[in-house]
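Whatever order the structure lists ligands and atoms in, that order sets their numbers, starting from 1. Sequential numbering from 1 along the given sequence is applied to the chain's residues.
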Amino acid sequence: MGRALAGRAPLTPAVVPTFHRVLPSAECVVGPPGETEFLAVQVGAADVLVTRMAAGHVVAFAADCPHQQTPLEGASFFEGKLRCGRHLYLYDLETGENVLPARDSSPEALRRLKPGYLPIHRVEERDGWIWVAEAPEPAPPCYDPAAERPLPAGSPPPPVVAPRPAAAAPGQAGGEPIVHQPESLDVRVGEEFQLVLATTPKPAHMWRSAVLAAGVAVVSEAFAPDQPPRHIARLVAHAPGEVEVRFTYGTPWGATPVETRSFLVRVAP
Ligand code: FES
């Protein structure tokens with residue numbers, strides 16, 4: 001059995017990561033602005049996405065969002081950070097750090113929101129190929145799992161935090177929540193139609209719809225990164241009557257919507 005030499009730290013064997021050759025470099029290129037492509041690859045047992053950053057290097061990361069396991073193939077970029085399409089959390093693709101909501105949350109909100117961190121895999125490019133390490137990198141230093149766990153039973157209640165002032169809403173610099181006068185539109189049974197709302201690319205802010213009666217259903221909703229950006233909801237009418245479709249703008253965790261818009265949809269037979 002070996003023993004440490006006097007005056008020297010014991011030598012620990014270096015862990016050499018196992019790299020897998022996953023793609024020819026030429027297949028992973030910087031996409032046009034707003035159209036980043038995430039390429040799915042299998043690295044050992046891990047499902048991984050790779051993409052080439054605007055700076056030219058390739059990054060590799062877990063294929064599912066650490067928040068609620070949403071596949072990230074349909075994610076987008078916001079100011080250089082990966083934005084999951086489900087709740088718009090932002091992750092840094094160099095470190096895996098959750099940027100939003102983690103940097104913006106009170107301790108009690110963080111326990112509720114549980115953003116975690118995005119596992120990042122090391123990448124090497126050589127001989128015209130992209131190689132990805134099978135094991136993810138360690139968690140980023142700022143990640144503290146204890147900060148996302150519920151408080152132990154019997155802990156004193158967290159201090160009451162005063163609500164933040166309302167965040168800026170689409171078309172407004174900030175201030176009180178806005179509730180618009182309802183608008184109305186006429187459609188026919190079987191008709192597919194769109195409702196388009198002005199929005200902002202503000203991190204983690206989104207419009208969410210609620211259909212307040214049967215007769216109309218939402219087919220899809222998406223953020224369109226046009227100039228100016230828009231939120232586009234596609235709906236279909238399937239029964240005659242009057243239906244209110246309400247949109248609220250804010251963060252998924254915000255108690256009070258920052259802005260509300262309503263549409264009264266009159267569906268003719
Ligand atoms: S599942 Fe990705 S942000 Fe919630």
* To do: Determine the interplanar angle of the Phe38 and Phe77 rings, folded into 0 to 90°, and report it as parallel if under 30°, tilted if 30 to 60°, perpendicular if over 60°.
  => tilted

* Asked: Quick one: which ligand 1 atoms are inside 4.0 Å of a heavy atom on Cys84?
  -> 1 (S), 2 (Fe), 3 (S)

* Name the closest protein heavy atom to atom 1 (S) of ligand 1, giving the residue it belongs to and the distance to 0.1 Å. => Thr70 OG1, 3.1 Å

* Asked: Should the pair Tyr117 and Tyr143 be assigned to parallel (<30°), tilted (30 to 60°) or perpendicular (>60°) ring geometry?
  -> tilted

* Write the atom name of the N, O or S atom in His67 that is nearest atom 4 (Fe) of ligand 1. => ND1

* To do: If the plane angle is over 60° it's perpendicular, under 30° parallel, otherwise tilted; pick one for His67 and His87.
  => perpendicular

* Are side-chain N/O atoms of Thr200 and Tyr249 paired as donor and acceptor at under 3.5 Å? -> yes

* Using a strict 4.0 Å cut-off to heavy atoms of Tyr89, name the atoms of ligand 1 that fall inside it. => 3 (S)

* Output yes when Arg261 and Glu183 qualify as a salt bridge under the 4.0 Å nitrogen-oxygen rule, no when they do not. => yes

* Asked: Is His87 close enough that one of its N/O/S atoms sits under 2.8 Å from atom 4 (Fe) of ligand 1?
  -> yes

